[in-house]
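Below is one structure, written out as structure tokens; comments come after it.
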There are 2 protein chains.
Amino acid sequence: MEKQAMACKVDEALEIIVGKWKPIILLLLFEHKVMRFNELKRAIPGITQKMLTTQLRELEEEDIVHREIYPQVPPKVEYSITEYGKSIESVLEVMHDWSVLHLEHKKKLQNE
Amino acid sequence: MEKQAMACKVDEALEIIVGKWKPIILLLLFEHKVMRFNELKRAIPGITQKMLTTQLRELEEEDIVHREIYPQVPPKVEYSITEYGKSIESVLEVMHDWSVLHLEHKKKLQNE
DNA sequence: CAGTATCCAACTAGATACTG
DNA sequence: CAGTATCTAGTTGGATACTG
């Protein structure tokens, strides 16, 4: 595979998984399976409603997160990972594992 | 492992691999082993000198890219992946593979 | 050749207020 | 409860000019 084309595709993946709050949103949904809007908001310290909405809409757009609306008052909306979205978990794990490696490496460098 | 701590670490990894031009820089260096500044610049259409410098400095800071300066006129500077930096290749590959999967999935969705 | 320095436009994200 | 709307401060990145 040509490297330039590959970089192009990597960028696309990054745009989806990145976004300041996406990893934490995804990890929470992987853990809890189903979460309501305010439940997510409480679980993510520092996020604003606007940001949470935006990031969830983007993940929904990519068919990674499913949004279930219950037509009732007060409104109830539940978020979950789609069947397809589950494919992203291994990517998050690889990134996490490398991060741990990286932290250790930096610590080692500082001790020299 | 607690999910919140994990998200934190994933973010750190993302900050390093992301940056608009980092994937392409890294992939080029993985392919060519050693590249000079202008060689990289020519290989990356649209990048400015400022951006290339910034991104390279950040990768150098993280001990992922090595910068070899030859004290001569005109100056010659060569960039390469550090021994440690090689650990990032598999992360890029996983992200790339998922991107390909994702493109296929989106195409399938549009045909429905 | 391999950068630095400066300026500015565009986008991002936070705070805040409002609503079905 | 689960958002939307608006405004604004801060950051990012591009264009351009200059340099050892």
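Chain naming here is simple, since letters A, B, ... match the order of the sequence lines and numbering starts at 1 in each.
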Between CE of B:M51 and C1' of D:dT16 the distance, given in whole Å, is 14 Å
Of A:W21 and B:P74, the one whose nearest nucleotide on DNA chain C sits closer to the 5' end is B:P74
- [ ] Please examine the side chains of A:E89 and A:E93, heavy atoms only from C-beta on, and report whether any two atoms are closer than 4.5 Å.
- [x] yes
From CG of A:L52 across to P of C:dA13 the rounded distance in Å is 14 Å
Rounded to whole Å, the NZ-C1' distance (B:K41 to D:dG14) equals 12 Å
Base-pair string, DNA chain D, Watson-Crick plus G-U, cut-off 3.5 Å on both distances, | for inter-strand, is ||||||||||||||||||||
So that I can tick it off, tell me whether B:E39 and B:R42 are bridged by a salt bridge, with the cut-off set at under 4.0 angstrom between side-chain N and carboxylate O.
no
Rounded to whole Å, the CD-C1' distance (B:E58 to D:dT12) equals 11 Å
### Message
Less than 4.5 Å apart, side chain to side chain, heavy atoms only: is that true for A:D11 and A:L14?
### Response
yes
- Query: Heavy atoms under 4.0 Å, any strand shown: does B:K20 hit a base, just sugar-phosphate, or nothing?
  - Reply: sugar-phosphate
side-chain hydrogen bond (donor to acceptor under 3.5 Å, both in side chains) with A:Y70: of A:K76, A:E78, A:R36, only one passes, and it is A:E78
Minimal heavy-atom distance between B:K20 and B:Q55, with the atoms involved, is N-OE1, 3.9 Å
From CD of A:E15 across to C1' of C:dT12 the rounded distance in Å is 14 Å
* **Heavy-atom side-chain proximity of A:H96 to A:L92 below 4.5 angstrom** => no
*asked:* Angle between ring planes, B:Y79 versus B:F37, binned at 30° and 60°: parallel, tilted or perpendicular?
replied: tilted
The contact string for nucleotides 2-8 of chain D, one letter per nucleotide 5' to 3', using protein heavy atoms under 4.0 Å with B, S and - for base, sugar-phosphate only and none, comes out as BBB-BB-
**Prompt:** Are B:V65 and B:I69 connected in a single hydrophobic cluster, I mean Ile/Leu/Val/Met/Phe/Trp/Tyr linked by side-chain heavy atoms less than 4.5 Å apart?
**Reply:** yes
